[in-house]
Amino acid sequence: MRIETGIDIVSIDRIKDKFNNDSHFMHLIFTDNEIEELNSKSRRFQTIAGRWCAKEAFSKALGTGFGRHLNWKDVEILSDEDGKPRIHLSREQREELRIKSISLSISHTKDNAIAVITIILRK
């Protein structure tokens, strides 16, 4: 068993600049299910920023970044019934990446969002 962590922080204003008027970019980064959930949030840009950070932190924890082995939409982040964001991966991805479990924490201020990921990998 191996434990890996990843962390990312982003300015809410940077996310507003990227996503405010660009639905094409939104569809490159987020799944349809994620977009539906993000559009329902009262603090939309804070939530988008947090989910962006979570995806970045996940790729950092894996050590792969996005590109050859991992696509932005491969990592889907949706809220559970209690409102806690959870990372959803396909069974095939979990097996390929040897992921046993994932823990995610997202936090916001007025100006920034941050996410921390801890992944337990099988040997």
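Just so you know, these numbers come straight off a predicted model, no measurement behind them.
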Discussion item. Are Asp74 and Phe66 packed together at the side-chain level, in the sense that at least one heavy-atom pair is separated by less than 4.5 angstrom?
Written reply: no
What residues form a side chain to side chain donor-acceptor pair (under 3.5 Å) with [X], not counting sequence neighbours?
X      : answer
Glu56  : none
Lys60  : Asp8
Asn112 : none

Item to complete: Enumerate the residue pairs fulfilling ring pair (Phe, Tyr, Trp, His ring centres under 6.0 Å) with a member in residues 28-48, sequence neighbours excluded, ordered by first and then second residue.
Response: Phe19-Phe30
Discussion item. Could you work out, with salt bridge (charged side-chain N to carboxylate O under 4.0 Å, His left out) as the rule, every residue matching Arg2, not counting sequence neighbours?
Written reply: Glu4
Worksheet entry | Ile120: hydrophobic cluster co-members (side-chain, 4.5 Å) | Met1, Ile3
Worksheet item: With clusters built from Ile, Leu, Val, Met, Phe, Trp and Tyr whose side-chain heavy atoms come within less than 4.5 Å, directly or transitively, what are the remaining members of the cluster of Ile9, listed by chain and number?
Response: Ile7, Ile114, Val116
Item to complete: Scan for salt bridge (Lys or Arg N to Asp or Glu O under 4.0 Å) pairs involving residues 75-85, sequence neighbours excluded, and state none if there are none.
Response: Asp80-Arg86
Fill in: Pairs where residues 28-49 contributes a residue and the test salt bridge (Lys or Arg N to Asp or Glu O under 4.0 Å) is met, not counting sequence neighbours
Glu34-Lys55, Glu37-Arg51
Please tabulate, for the side chains in residues 95-104, all donor-acceptor contacts under 3.5 angstrom to protein atoms that are two or more places apart in sequence or on a different chain.
unit_1, atom_1, unit_2, atom_2, d
Arg98, NE, Arg122, O, 3.1

Worksheet item: How would you list, by chain and number, every residue that makes a side chain to side chain contact (heavy atoms under 4.5 Å, CB included) with Ser90, sequence neighbours excluded?
Response: Glu92, Gln93
Fill in: All side chain to side chain contact (heavy atoms under 4.5 Å, CB included) counterparts of Thr64, not counting sequence neighbours
Leu62, Leu70
Worksheet item: Given the rule in the side chain to side chain contact (heavy atoms under 4.5 Å, CB included) test, do Trp52 and Ile29 qualify, once you have shown the distances and angles that lead to the verdict?
Response: CA-CA 8 Å; Trp52 169 281; Ile29 305 300; 4.1 Å; yes
